[in-house]
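Structure record follows, encoded as structure tokens.
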Amino acid sequence: MVINLKQLYELTGEKSEINTEISPERLKEIHGYSFIGPVTLKGVIRNRAGVVTLNYTADLRISAECDRCLGLLERDYSFEFEHVLVRSLYGDDNDEYVVTEGDDLDMDELAVTDVLLQMPTKLLCKEDCKGLCPKCGADLNVSDCGCERQQL
Ligand SMILES: [Zn+2]
Ligand SMILES: [Zn+2]
């Protein structure tokens with residue numbers, strides 16, 4: 001979804017609610033994660049004293065393999081983001097600032113970037129997952145296979 005910011009940039013006090021989803025086509029471009037259902041985006045863009053800020057929350061659910069035992073897991077995430085939107089940026093580049101294409105904000109693109117930066121690279125089904133036996137491949141969370149293992 002592309003949001004036109006013309007009014008928001010020009011009118012102090014202007015406010016616009018965001019209630020959208022990242023389009024499924026964009027989600028498919030995110031490799032390494034399987035999303036279950038939509039990624040919903042809710043928030044608000046405000047012009048306060050000429051400064052345009054975007055605050056939003058991204059809610060999503062993914063399925064993935066546990067890094068240790070390869071068991072399937074599903075997990076919900078809710079991330080909050082805040083950005084200052086500007087048409088152009090002079091001086092210091094800063095993660096907080098988002099430079100829009102003219103008056104248009106590509107909300108999908110921004111949200112995909114934001115979400116990817118927050119996603120964990122390693123996922124465990126539980127904090128103390130015992131993983132698989134390196135000898136026989138048994139899931140040690142389920143039972144101790146009895147293989148001799150070196151204690152690390
Ligand atoms: Zn596990
Ligand atoms: Zn074993």
Side-chain angles (χ1 to χ4, degrees), residues 1-5 8 15-48 51-87 89 91-152:
M1 176 184 174
V2 173
I3 301 170
N4 187 279
L5 300 170
L8 281 153
K15 183 177 151 182
S16 173
E17 308 264 338
I18 296 170
N19 203 336
T20 184
E21 294 172 354
I22 300 181
S23 71
E25 299 83 64
R26 281 285 172 84
L27 275 189
K28 274 188 232 139
E29 294 166 15
I30 305 181
H31 300 292
Y33 299 99
S34 302
F35 292 86
I36 304 171
V39 175
T40 56
L41 311 173
K42 283 199 180 76
V44 62
I45 305 174
R46 273 195 204 96
N47 180 327
R48 269 183 296 211
V51 179
V52 179
T53 40
L54 159 66
N55 290 82
Y56 77 99
T57 314
D59 287 291
L60 54 114
R61 165 176 280 239
I62 59 159
S63 75
E65 277 184 353
C66 170
D67 223 54
R68 281 188 200 148
C69 72
L70 307 181
L72 270 186
L73 59 93
E74 289 187 7
R75 204 149 288 171
D76 294 304
Y77 291 97
S78 183
F79 301 123
E80 282 181 42
F81 303 102
E82 177 172 319
H83 297 287
V84 176
L85 306 178
V86 289
R87 283 164 160 156
L89 190 60
D92 288 345
D93 196 4
N94 186 317
D95 279 353
E96 193 195 347
Y97 291 97
V98 171
V99 182
T100 57
E101 294 271 341
D103 291 329
D104 289 333
L105 170 68
D106 187 337
M107 193 61 212
D108 279 356
E109 188 179 303
L110 177 64
V112 166
T113 310
D114 278 346
V115 165
L116 274 183
L117 284 172
Q118 294 298 316
M119 291 297 287
T121 48
K122 288 199 170 191
L123 286 159
L124 297 179
C125 60
K126 56 188 181 212
E127 204 57 48
D128 60 346
C129 173
K130 296 191 185 80
L132 302 177
C133 168
K135 274 194 178 163
C136 73
D139 185 343
L140 300 175
N141 297 304
V142 179
S143 64
D144 194 336
C145 54
C147 294
E148 270 186 55
R149 282 187 300 278
Q150 288 175 323
Q151 294 294 322
L152 294 175

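Numbering of ligands and ligand atoms starts at 1, following listing order.
Note that the CG atom of Leu110 and the CZ atom of Phe81 stand 8.5 Å from one another [nearest 0.5 Å].
Taking the six-membered ring where the residue is Trp, Phe79 and Tyr77 present parallel rings, their angle staying beneath 30° rather than reaching 60°.
With the Zn ion (ligand 2) as the vertex, SG of Cys133 and SG of Cys147 span 110° to the nearest 10°. Angle SG(Cys145) to the Zn ion (ligand 2) to SG(Cys136): 100° [nearest 10 degrees]. Centred on the Zn ion (ligand 1), the SG atom of Cys129 and the SG atom of Cys69 lie at an angle of 110°, reported to 10°. Note: angle at the Zn ion (ligand 1), from SG of Cys125 to SG of Cys66, is 110° (rounded to 10 degrees).
Applying the 6.0 Å contact sphere to CD of Gln118 captures more than 12 heavy atoms from other residues, nucleotides or ligands.
No side-chain heavy atom of His83 sits less than 4.5 Å from a side-chain heavy atom of Leu105.
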